[in-house]
Q: 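Below are the structure tokens for one structure; questions will follow.
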Amino acid sequence: MSEPTLLSASGLTLRFGAIPALLDVDADLWPGEILAIVGESGSGKTTLLNVLSGKMAPQSGQVMYRDPAGALQDVHAMPAPALRALHRSDWGFVHQNPRENLRMAVSAGGNVGERLMAQGSRHYGHIRAAAIDWLEQVEIDADRVDDLPRTFSGGMLQRLQIARTLVTHPRLVFMDEPTGGLDVSVQARLLDLIRSLVRRLGIAVVLVTHDLAVARLLADRIMVMQRGEVVEAGLTDQVLDDPRHPYTQLLVSSVLQA
Amino acid sequence: MNTVMLRVEDLAKRFTLHLQGGVQLDVLNGAGFEVQAGECIALSGPSGAGKSTLLRALYGNYRADAGRILVRHDGAMVDLVTATPRQIVAVRRTTLGYVSQFLRVVPRVSALDIVADAAGGRADAHTEAAALLHRLNIPASLHGLPPATFSGGEQQRINLARGFIHGHPILLLDEPTASLDAANRDVVIAMIREAKSRGTAIVGIFHDAAVRDAVADRLYQVAPYQQAA
């Protein structure tokens, strides 16, 4: 029970002018665990993801990351090169729009291999083999390895982004609406893929989504945000089956039953 | 010497419906009983008395407002009412199983994998899952298919296989035979009896009186809670 946290945030506050994007937010994540942050647009969930991942600095509060050696690193006090190195190896980030992460003028295999090279891999044959292996893991045919991403569909681009992110075996992945904007059939395939890869590799994930069904399927725990505050948190099934806060009750009751 | 596996003390659960003007429903108040290893308690009471609410509270799915739910986990009693989410996850993983009335279907995952995934990482999970599905009369031709299109009775049997495969020392059963025919009902009765003989403590809701009489050692009466005027 006393297993140390992988990521631990306390007292995060960030205001954009008069608008509170984060108000005294605490969050803990343990190795191998999936934490969903849910809420409507403007609730502060993407801001929280950006602050947790060091992309955006809070006005107050702290984010501590436990590195593989067991040492605690203050994410917002790290030198920029150290944070970049973290994002290249130990961490991954999956954007809603895969074009933000992929290089559209580089082949699919190149996109996957690039992250390995950034980590120091130099053997071309190994890099290409790893790229093909990862394309297959995300269900992209190996014979597409030399094709440019612009010939890929939206769902394939998202799967390519996931391959590019996971190839370095990160311990922690941040995901911002990974299934947003995709057809439902494509979404189902992607969700199943994320679920099985993350479980098999034991990756910890902070997942931002406005879709409670996505949170239900993927997350161990859930945090509900409204106007920059965490209004309710707990096990996913507790929060969704027994919502206590008025805002959570509104979110849960607003979902259409198919 | 008998071992208490589960003890419920003075349990209360109130729902506050904020979207309905803050209506408060006191569903449980002062619920208490204990279950020994190898014993099966049937929750009884009229529809709406709070049987399912109580069962869900015992699983940590509904969060109780007061009282204690003591579960024997790793040799010590853990109180689910005050446990952290991660402690509840640990208790559910190794100690506490729950068979709900309805299967939550995951797109693309086959019936066999749904059952095997619940085995807790055992090496023989798939063999065991197939054997359980056969016992529950799910033909092999269905094992590889995702159960989204299966009938209600088939989905319930997959859910049962999923609930029984791990062999949790405490099992919570919500209407395990509701949509089953007589032959499958008898299989489930046999599975519950075998679990009891292995020492599993069971709390269940059984509307079917024949099933209840066949498996339950005692009844716990869940009384509709009268709101104070």
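First the proteins, then the strands, lettered A, B, ... as listed; each starts at 1. No experiment lies behind these values; they were computed from the predicted model shown.
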Q: Using the test salt bridge (charged side-chain N to carboxylate O under 4.0 Å, His left out), find all partners of B/Arg68 that sit at least two apart in sequence or belong to another chain.
A: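 For B/Arg68, the residues satisfying salt bridge (charged side-chain N to carboxylate O under 4.0 Å, His left out) (neighbours in sequence not counted) are B/Glu9.
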Q: Pairs under 3.5 angstrom only: tabulate donor-acceptor contacts from the side chains of residues 222-232 of chain A to other protein residues two or more places apart or in another chain.
A:
{"unit_1": "A/Glu232", "atom_1": "OE1", "unit_2": "A/Arg244", "atom_2": "N", "d": "3.1"}
{"unit_1": "A/Glu232", "atom_1": "OE1", "unit_2": "A/His245", "atom_2": "N", "d": "2.9"}
{"unit_1": "A/Glu232", "atom_1": "OE1", "unit_2": "A/Thr248", "atom_2": "OG1", "d": "2.8"}
{"unit_1": "A/Glu232", "atom_1": "OE2", "unit_2": "A/Arg244", "atom_2": "N", "d": "3.0"}
{"unit_1": "A/Glu232", "atom_1": "OE2", "unit_2": "B/Arg63", "atom_2": "NH2", "d": "2.6"}

Q: What residues of residues 208-218 of chain A sit under 4.5 Å from chain B when only non-hydrogen atoms are counted?
A: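 The residues closer than 4.5 Å to chain B, in numerical order, are A/Arg216, A/Leu217.
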Q: Less than 4.0 Å between a side-chain N and a carboxylate O, is that true for A/Lys45 and A/Glu40?
A: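 Salt bridge absent between A/Glu40 and A/Lys45.
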Q: Taking side-chain contact (heavy atoms from CB on, under 4.5 Å) as the criterion, tell me which of A/Ile140, A/Asp133, A/Leu135 meets it with A/Gln137.
A: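 So, applying the side-chain contact (heavy atoms from CB on, under 4.5 Å) to A/Gln137 and each of A/Ile140, A/Asp133, A/Leu135, only A/Asp133 qualifies.
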Q: Side chain, backbone, both or neither: which part of A/Ser253 has a heavy atom under 4.5 Å from chain B?
A: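 When you check distances to chain B, only side chain atoms of A/Ser253 fall under 4.5 Å.
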Q: Tell me whether A/Asp220 is salt-bridged to A/Arg199, with the criterion being a basic N under 4.0 Å from an acidic carboxylate O.
A: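 A salt bridge is present here (some side-chain N lies under 4.0 Å from a carboxylate O).
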Q: Please list, chain by chain and in numerical order, all residues satisfying salt bridge (charged side-chain N to carboxylate O under 4.0 Å, His left out) with B/Arg14, sequence neighbours excluded.
A: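 For B/Arg14 the salt bridge (charged side-chain N to carboxylate O under 4.0 Å, His left out) partners, ignoring immediate neighbours, are B/Asp26.
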